[in-house]
Structure formats: C-alpha cells, structure tokens
Amino acid sequence: MRDRDALRQMLDDALRAVGEGIEVLEESARERSDGYGLEGEVKLQWGKALDQATSELKSRARRNWVRVHAEAARLRLRFGTEHDIMKCYEGMIMMLGGAGDAEFDSRKLRQLWAHERRVELDEAISEFVRVCRPYVGVQDDRS
C-alpha cells in the first residue's frame, strides 16, 4: 500500500507540474489579449508593460520547465524509458514545450495560444491518466 501511495503521489506531482505550465501559458495569453484594439500612446504603454510581464512569465515558465523535467526523471527511474507512462508523459511535455515556444515567440501578435494545442494537450493528459490508473489501483471506466 505504501508503494502504491508513493507512486500515486509521484504521478500527481508530474501532472501538477504540467498543469502549472499550462497556467503560465494561459496567463500569458490573457495578458496579451488585453492589448487588442489599443492604439497610439496607450498601445505603446501596454507594450512596455507587456515586455516586463513577459520577462516574469518566461522566468516562471523556465522554473516550471525544470520541474517538469525533474518529474520526468523520477518517472523514468521508476518505469524506464519505454514504459507507456513514460511515453505519455514525454509526449505531454513535448506539447507543453512547443506551446510555450509558440506563446513566447509570438507574444505581441494577435494570435493567442492556439486552441488546437490546448485540445491536444488535454487529450494527452487524459491518455496519461488512463495509462496510470491501473498502477494506482483504479480500474479504467471503459467497459
């Protein structure tokens, strides 16, 4: 039981790290959307404030990225590199990294964090949870 609880905690920590990365991206998208439709001096002031916010969000994203990879290392140690749990997690962090690159590369553009990327990431999270369930003593809901 103790081993199962430790495993459950490890998987929860891994998902929490991904969730925190998603929160940073969503915060970035919300901040950028505040500038839409602004013109002239107001737009310039908004751009300067956005530059500062971008620096802070990038710093949070980098700290989260380190945490996500630390969680990946913990999972790799536990399951090995070819395990389905590891493959799912690595897929999620690749998507998260791609979404982060896209968000911060286009920070001042009109394009928000792509809805399609969020849907793909949500699907990857669901798959990760599905793969993890048997290892923590929960049966799959599908019959």
Side-chain angles (χ1 to χ4, degrees), residues 2-138 140-142:
R2 205 171 331 150
D3 189 47
R4 183 176 286 172
D5 288 342
L7 178 58
R8 186 175 287 147
Q9 184 63 52
M10 182 186 301
L11 296 171
D12 286 347
D13 291 346
L15 275 176
R16 192 171 294 110
V18 169
E20 289 169 4
I22 291 170
E23 286 174 18
V24 170
L25 294 177
E26 289 180 344
E27 186 176 333
S28 176
R30 279 191 306 273
E31 285 181 0
R32 277 193 306 119
S33 69
D34 290 344
Y36 296 163
L38 299 177
E39 299 291 332
E41 184 61 31
V42 175
K43 180 85 170 191
L44 289 173
Q45 294 304 317
W46 169 81
K48 289 177 185 175
L50 186 64
D51 287 343
Q52 178 62 33
T54 298
S55 176
E56 293 169 12
L57 283 168
K58 280 185 175 181
S59 179
R60 282 179 49 205
R62 279 191 296 273
R63 285 191 307 271
N64 177 262
W65 195 242
V66 169
R67 181 165 174 232
V68 164
H69 281 281
E71 296 299 338
R74 289 176 65 202
L75 292 174
R76 199 174 299 111
L77 182 63
R78 176 76 180 231
F79 294 103
T81 58
E82 296 302 315
H83 197 279
D84 286 344
I85 287 177
M86 204 52 235
K87 289 178 182 177
C88 285
Y89 195 73
E90 287 177 339
M92 280 191 306
I93 63 176
M94 285 178 57
M95 285 182 207
L96 183 62
D101 289 345
E103 173 60 26
F104 290 116
D105 288 347
S106 63
R107 186 91 162 112
K108 289 187 179 178
L109 303 178
R110 277 192 163 271
Q111 177 184 356
L112 286 175
W113 184 36
H115 175 72
E116 296 80 24
R117 286 182 190 255
R118 177 58 197 259
V119 169
E120 290 171 357
L121 193 50
D122 286 345
E123 289 171 356
I125 290 169
S126 294
E127 178 64 10
F128 180 75
V129 169
R130 186 192 67 73
V131 169
C132 292
R133 290 180 71 132
Y135 294 92
V136 295
V138 178
D140 196 358
D141 290 336
R142 294 181 239 165

Next item on the list: Would you check if M92 and L15 make a side-chain contact, meaning some heavy-atom pair closer than 4.5 Å?
Entry: yes
Checklist line | R4 to V136 - nearest heavy-atom pair and separation | finding: CD-O, 3.4 Å
Checklist line | Beyond-backbone contact of L25 with L57, side-chain heavy atoms, under 4.5 angstrom | finding: no
Notebook entry, point to check: Judged by modelled atom types alone, do S59 and R63 share a side-chain donor-acceptor pair under 3.5 Å?
Noted result: yes
Notebook entry, point to check: Hey, are the side chains of E56 and R60 touching, using non-hydrogen atoms and a 4.5 Å cut-off?
Noted result: no
Item checked: Residues R76 and E90 bridged, charged N to O under 4.0 Å -> yes
Next item on the list: State, to 0.1 Å, how close E127 and C88 come at their nearest heavy-atom pair, and which atoms those are.
Entry: CG-SG, 3.7 Å
Item checked: Rounded distance [0.5 Å steps], CG in N64 versus NE2 in H69 -> 9.5 Å
Notebook entry, point to check: Can you find a pair of side-chain heavy atoms, one from L44 and one from E41, that are under 4.5 Å apart?
Noted result: yes
Checklist line | D12 vs R16 side-chain heavy atoms within contact, under 4.5 Å | finding: yes
Checklist line | Interatomic distance, R133 atom CZ to L11 atom CG [nearest 0.5 angstrom] | finding: 12.5 Å
Note to self: So, taking the atom named CZ in F128 and the one named CE in M86, what distance separates them when rounded to the nearest 0.5 Å?
What the structure shows: 8.5 Å
Notebook entry, point to check: Hey, what do you get for NZ (K87) to CD1 (I85), rounding to the nearest 0.5 Å?
Noted result: 12.5 Å
Next item on the list: Could you tell me the separation between the CD atom of E23 and the OG atom of S28, rounded to the nearest 0.5 Å?
Entry: 13.5 Å
Notebook entry, point to check: What's the shortest heavy-atom distance between M95 and A124, and which atoms?
Noted result: CE-CB, 3.8 Å
Check: Can you name the one residue among V131, I125, V68, D84 that meets side chain to side chain contact (heavy atoms under 4.5 Å, CB included) with Y89?
Finding: V68
Notebook entry, point to check: Quick one: CZ on R74 to CE on M10, what's the gap to the nearest 0.5 Å?
Noted result: 4.5 Å
Check: Any side-chain heavy-atom pair from R62 and V66 closer than 4.5 angstrom?
Finding: no
Item checked: D13 and Q9 side chains, donor-acceptor separation under 3.5 Å -> yes
Notebook entry, point to check: Does the side chain of V24 come within less than 4.5 Å of W65's, by heavy atoms?
Noted result: no
